[in-house]
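What follows is one structure encoded as structure tokens, with my remarks underneath.
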Amino acid sequence: GLSQGKSDDPTMKREIRLAKNREAARECRRKKKEYVKCLENRVAVLENQNKTLIEELKTLKDLYCVKTG
Amino acid sequence: GLSQGKSDDPTMKREIRLAKNREAARECRRKKKEYVKCLENRVAVLENQNKTLIEELKTLKDLYCVKTG
Amino acid sequence: MSATGTGGCGPGPGPTSGSGSGASNPRKFSEKIALHTQRQAEETAAFQEVMMDITSTRLQAQKLRLARSQGPYYSGSLPNVNQIGRNPQDFQVTDAA
Amino acid sequence: MSATGTGGCGPGPGPTSGSGSGASNPRKFSEKIALHTQRQAEETAAFQEVMMDITSTRLQAQKLRLARSQGPYYSGSLPNVNQIGRNPQDFQVTDAA
DNA sequence: CACGGCTGACGTCAGCCCGC
DNA sequence: GCGGGCTGACGTCAGCCGTG
């Protein structure tokens with residue numbers, strides 16, 4: 001057909017724009033979900049490191065307290 | 001009006017259900033946004049604590065190294 | 001405050017009592033927020049406690065070093081050498097009994 | 001790997017070069033993920049480094065204590081008391097020069 | 001089992017910001 | 001200045017799961 005061979009049709013332009021925005025929205029939601037999972041994983045890692053550091057600091061503090069006392 | 005005085009009208013029931021789901025969706029989005037902010041704030045706090053703990057561990061380790069060496 | 005009411009803590013595990021992934025990974029955002037807030041409070045408390053302990057130890061050690069440097073005074077739980085031999089009784093052996 | 005390509009690090013601040021809230025708080029999720037991944041890698045490296053240092057110090061101290069307990073051998077940078085007086089030269093004063 | 005509260009996922013609109 | 005990529009917010013549908 002020659003009537004809408006190009007994208008000059010305003011309806012066609014709108015549909016194309018909507019289709020692009022649809023796909024963009026899917027990717028955006030996917031990235032947002034991945035970001036939230038990244039945050040949760042980061043919190044878990046930081047939690048473990050924090051716990052280990054506190055225990056190590058307690059041990060070293062007791063050792064230092066023995067040296068001085 | 002006696003025609004739709006009760007909620008027997010299926011159209012009315014649908015609209016009521018949609019209205020409830022609308023408000024629920026708003027509250028859900030608000031809670032989700034708050035949750036993400038909570039995660040980001042938690043990451044920041046854990047970051048500062050870990051940094052402080054690491055520096056303190058370095059200092060205490062140097063002190064303990066001086067005592068032994 | 002809004003989830004299951006953390007203030008009361010009346011009944012035990014409310015929903016389903018599931019031990020699987022319902023406790024550490026709730027579905028409701030309110031419970032997630034409450035859980036993270038609780039953990040953050042606990043970890044902050046432990047962190048501040050350790051830092052306070054370190055500060056206290058530091059001050060104690062510094063005070064001890066300052067006391068040792070200012071004067072040759074031996075003060076400790078060990079038998080004080082300055083007080084040995086002052087009294088003649090310390091030289092008398094108890095083998096006479 | 002997908003955002004601005006952390007592997008290359010070619011040009012400096014790309015977008016707008018804004019020093020405000022564009023660097024530590026990007027709009028794109030890809031940049032947020034990349035930023036958090038980078039920070040996590042740095043902090044994990046620092047954490048492991050400190051833990052390695054602590055382990056090394058522990059092992060060194062334990063080896064030192066074990067060496068001191070097994071034999072009455074004094075080994076240090078201070079003047080060794082066991083080697084003082086062995087040679088007669090140590091008793092001769094150098095005032096004759 | 002049926003019902004309802006929350007949430008995941010979708011498509012759409014409006015808006016920001018960056019590159020042209 | 002303007003078009004286009006991303007994202008924030010909305011309403012809607014489908015589905016899970018706790019509650020009666």
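Values in this document were obtained by computation on a predicted structure and should not be read as measured data. Reckoned from all heavy atoms, side chains included, excluding hydrogens, waters and symmetry mates. The sequence lines fix the lettering, A, B, ..., with proteins before strands; numbering per chain opens at 1.
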When the distance from NZ of B/Lys13 to P of E/dG4 is rounded to whole Å, what number comes out? 7 Å
Whole Å only: how far is the CD atom of D/Glu31 from the C1' atom of F/dG5? 12 Å
Pair B/Arg42 + A/Glu47, salt bridge at N-O below 4.0 Å: yes
Would you indicate what B/Arg30 reaches in the nucleic acid, counting non-hydrogen atoms under 4.0 angstrom: base, sugar-phosphate, or nothing? nothing
Nearest-neighbour nucleotide for the B/Arg14 side chain, F/dG8, E/dC10, F/dT12 considered: F/dT12
Reported CD-to-CG distance for the pair C/Glu31 and C/Leu35, which is rounded to 0.5 angstrom: 9.0 Å
Nearest-nucleotide wise, let me know which of A/Glu27 and B/Arg26 is further upstream toward the 5' end of DNA chain F. A/Glu27
Rounded to whole Å, the NZ-P distance (B/Lys20 to E/dC3) equals 14 Å
Could you state the atom-to-atom distance from CG of C/Asn25 to C1' of F/dC17 in whole Å? 14 Å
Looking at A/Lys32, I'd like to know whether one of its side-chain N or O atoms comes within less than 4.0 Å of OP1 or OP2 on F/dT7. no
Is the ring pair B/Tyr35/C/Phe29 parallel, tilted or perpendicular, if the boundaries are 30 and 60 degrees? parallel
Result for 5'-nearest mapping on DNA chain F, choosing between C/Arg27 and D/Arg27, is D/Arg27
In whole angstroms, the gap separating C1' of E/dC6 from CG of B/Leu18 amounts to 16 Å
Tell me the interatomic distance from B/Tyr35, atom OH, to E/dT7, atom P, rounded to whole angstroms. 12 Å
Using whole Å, report how far CZ of A/Arg22 lies from P of F/dG5. 15 Å
Measure distances between side-chain N and O atoms of A/Arg29 and base N and O atoms of E/dG11, and say whether any donor-acceptor pair falls under 3.5 Å. yes
N/O (side chain, C/Lys28) to phosphate O (OP1/OP2, E/dG5) under 4.0 Å: no
Side chain of A/Lys33 only, heavy atoms from C-beta on: which candidate in E/dA9, E/dT7, E/dG11 is closest? E/dA9
Can you measure C/Ile33 atom CD1 to E/dT7 atom C1' for me and round it to whole angstrom units? 14 Å
For B/Glu15 versus B/Arg22, what's the shortest heavy-atom pair and its separation? O-NH2, 4.4 Å
Electrostatic pair B/Glu56:A/Lys61 at N-O distance under 4.0 angstrom: no
Sugar-phosphate, base or nothing in reach of A/Arg17, heavy atoms under 4.0 Å: nothing
